[in-house]
Amino acid sequence: MDKHNFDTLSEAINTLTQEGYEENFEAGDNCIKALYSKKEYQPSELKIMASYRFEGMTNPEDQATVFTIEAKDGTKGTLVMSYSAEHNQNEELIKKIPMARN
């Protein structure tokens, strides 16, 4: 069971960073990239530990999900998936990342 109930996306990112999820992940064309360390991962090398969904205050269609991710090499970070028309994440690659079992 998750211990967080965030009101905003920025609150979630700040708190999760303080808890050690310091890397920023991004889903590219054929791999998940760690933006700070410049490492590249395949979905099988990662686990989604938790996810948090947010809706925009002014526009309910402005939705985002924050995933906390841990890599097999110990790297921990977050990946933000925006559901706006302008998002640039590879959704299919994100769907291949397995969920951690509680």
Side-chain angles (χ1 to χ4, degrees):
M1 185 167 147
D2 190 21
K3 60 183 176 179
H4 295 299
N5 186 17
F6 299 116
D7 291 324
T8 66
L9 181 62
S10 61
E11 176 190 2
I13 297 296
N14 290 337
T15 300
L16 295 168
T17 299
Q18 290 172 359
E19 291 181 359
Y21 290 92
E22 297 175 347
E23 184 63 78
N24 284 334
F25 290 103
E26 183 177 86
D29 290 335
N30 54 15
C31 67
I32 308 291
K33 298 175 184 177
L35 300 181
Y36 295 132
S37 66
K38 307 293 187 210
K39 294 179 183 177
E40 295 183 351
Y41 300 93
Q42 291 303 307
S44 61
E45 298 174 289
L46 305 170
K47 281 205 188 309
I48 295 174
M49 306 309 290
S51 63
Y52 307 92
R53 190 172 178 102
F54 299 91
E55 290 185 8
M57 296 283 273
T58 56
N59 182 356
E61 292 183 12
D62 186 18
Q63 297 178 5
T65 300
V66 177
F67 298 98
T68 55
I69 295 178
E70 291 187 18
K72 287 184 178 180
D73 67 6
T75 302
K76 293 170 57 174
T78 57
L79 185 148
V80 178
M81 178 66 206
S82 172
Y83 296 97
S84 69
E86 300 167 7
H87 80 82
N88 61 348
Q89 300 277 15
N90 182 340
E91 271 185 82
E92 293 307 311
L93 205 56
I94 295 169
K95 289 177 184 176
K96 293 181 181 178
I97 302 171
M99 295 289 289
R101 294 185 177 151
N102 292 338

Which heavy atom of [X] sits nearest a heavy atom of [Y], and at what distance?
{"X": "Glu45", "Y": "Glu40", "result": "OE1-O, 4.3 Å"}
{"X": "Ser51", "Y": "Phe67", "result": "CB-CD2, 3.7 Å"}
{"X": "Val66", "Y": "Phe54", "result": "CG2-CE1, 3.9 Å"}
{"X": "Pro98", "Y": "Pro43", "result": "CD-O, 3.4 Å"}

Measuring from [X]:[atom1] to [Y]:[atom2], what's the distance to the nearest 0.5 Å?
{"X": "Thr75", "Y": "Ile69", "atom1": "OG1", "atom2": "CD1", "answer": "11.5 Å"}
{"X": "Glu26", "Y": "Thr78", "atom1": "CD", "atom2": "OG1", "answer": "11.5 Å"}
{"X": "Leu93", "Y": "Cys31", "atom1": "CG", "atom2": "SG", "answer": "7.5 Å"}
{"X": "Tyr52", "Y": "Asn5", "atom1": "OH", "atom2": "CG", "answer": "10.0 Å"}
{"X": "Gln42", "Y": "Asn30", "atom1": "CD", "atom2": "CG", "answer": "7.0 Å"}
{"X": "Asn90", "Y": "Ile32", "atom1": "CG", "atom2": "CD1", "answer": "7.0 Å"}

Would you say that [X] contacts [Y] through its side chain, given a criterion of any heavy-atom pair below 4.5 Å between the two side chains?
{"X": "Leu79", "Y": "Ile48", "value": "no"}
{"X": "Phe6", "Y": "Leu16", "value": "yes"}
{"X": "Gln89", "Y": "Ile94", "value": "yes"}

Next on the checklist: Set out, in order, the CA-CA distance, both residues' side-chain angles and the distance that settles side-chain contact (heavy atoms from CB on, under 4.5 Å) for Phe25 and Tyr41, then state yes or no.
Outcome noted: CA-CA 10 Å; Phe25 290 103; Tyr41 300 93; 3.8 Å; yes
Checklist entry - Taking atom types as modelled and ignoring hydrogens, do the side chains of Ser37 and Glu23 form a donor-acceptor contact shorter than 3.5 angstrom? => result yes
Checklist entry - Any luck finding a side-chain donor-acceptor pair between His4 and Glu11 under 3.5 Å? => result no
Item to check | Residue among Met49, Lys76, Lys47 satisfying side-chain contact (heavy atoms from CB on, under 4.5 Å) with Thr68 | outcome: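 Running side-chain contact (heavy atoms from CB on, under 4.5 Å) over Met49, Lys76, Lys47 with Thr68 returns exactly one hit, Met49.
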Checklist entry - When clusters are formed by joining ILVMFWY residues with side-chain heavy atoms under 4.5 Å apart, either directly or through shared neighbours, do Ile13 and Leu35 land in the same one? => result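 No, it is not one cluster - the side chains of Ile13 and Leu35 are not joined through contacts under 4.5 Å.
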Checklist entry - Between Thr65 and Val80, does a side-chain contact (heavy atoms from CB on, under 4.5 Å) hold up when you go through it step by step? => result CA-CA 6 Å; Thr65 300; Val80 178; over 6 Å; no
Checklist entry - side chain to side chain donor-acceptor pair (under 3.5 Å) with Lys39: which residues, sequence neighbours excluded? => result Asp73
